[in-house]
Amino acid sequence: PGSKKKSSRRRQKAVRSSSKRAVRNEQPQIPEFASSEAPEIQLVDKQSMCVDILAGGFVQSFVDFFYLTHRPDPAQDAYSAIQNPVEIDVSIEDMDVIKTHLVDAEAARRKPDQVE
């Protein structure tokens with residue numbers, strides 16, 4: 001009777017220690033960065049620029065930016081444009097200039113001291 005208790009206790013300890021090892025091994029190793037060491041990743045695309053414009057509260061600038069950057073490519077011939085329309089390719093630099101001018105223009109329109 002006493003030996004059965006000892007062997008069952010040993011098995012329980014073995015099971016506990018192996019399950020702890022399994023849990024430790026399953027956790028992914030994620031590198032920790034201090035806030036000053038964290039790498040900054042900025043993705044700039046049409047969608048993020050549209051979100052930035054809307055987040056700034058410039059609804060008309062968003063509408064104009066969207067239509068300017070999502071229009072069909074004018075270099076495409078008429079037949080292929082109907083069959084498979086391709087959007088115009090706008091560079092990140094051009095999108096940034098468009099965004100800046102549209103937002104500045106809308107902000108200027110909102111100023112109360114402007115003459116209409």
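Only heavy atoms go into these numbers, but all of them, side chains included; no hydrogens, no water, no symmetry mates.
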Practice task
Please list, chain by chain and in numerical order, all residues satisfying salt bridge (charged side-chain N to carboxylate O under 4.0 Å, His left out) with D52, sequence neighbours excluded.
Solution key: K99
Exercise for the section: Say whether V103 and I92 are linked into one hydrophobic cluster, either directly or through other cluster members, by side-chain heavy-atom distances under 4.5 angstrom. Expected result: yes
Handout entry: Flag side-chain contact, heavy atom, 4.5 Å: D96 against M49
Key = yes
Handout entry: Side chain R71, main chain L68, donor-acceptor under 3.5 Å
Key = yes
Minimum heavy-atom distance [X]-[Y], with the two atoms named:
| X | Y | answer |
| --- | --- | --- |
| K46 | I88 | NZ-O, 3.8 Å |
| L102 | F65 | CD1-N, 3.5 Å |
| T69 | M95 | CG2-CG, 4.0 Å |

Fill in the blank from the handout: Distance col, row I53:CD1 vs S48:OG, nearest 0.5 angstrom, shows 9.5 Å
Exercise for the section: Sequence neighbours left out, what passes side chain to side chain contact (heavy atoms under 4.5 Å, CB included) with Q60? Give chain and number order. Expected result: V63, D64, E106, R109
Exercise for the section: Please state whether the rings of H70 and F66 are parallel, tilted or perpendicular, taking 30° and 60° as the class boundaries. Expected result: parallel
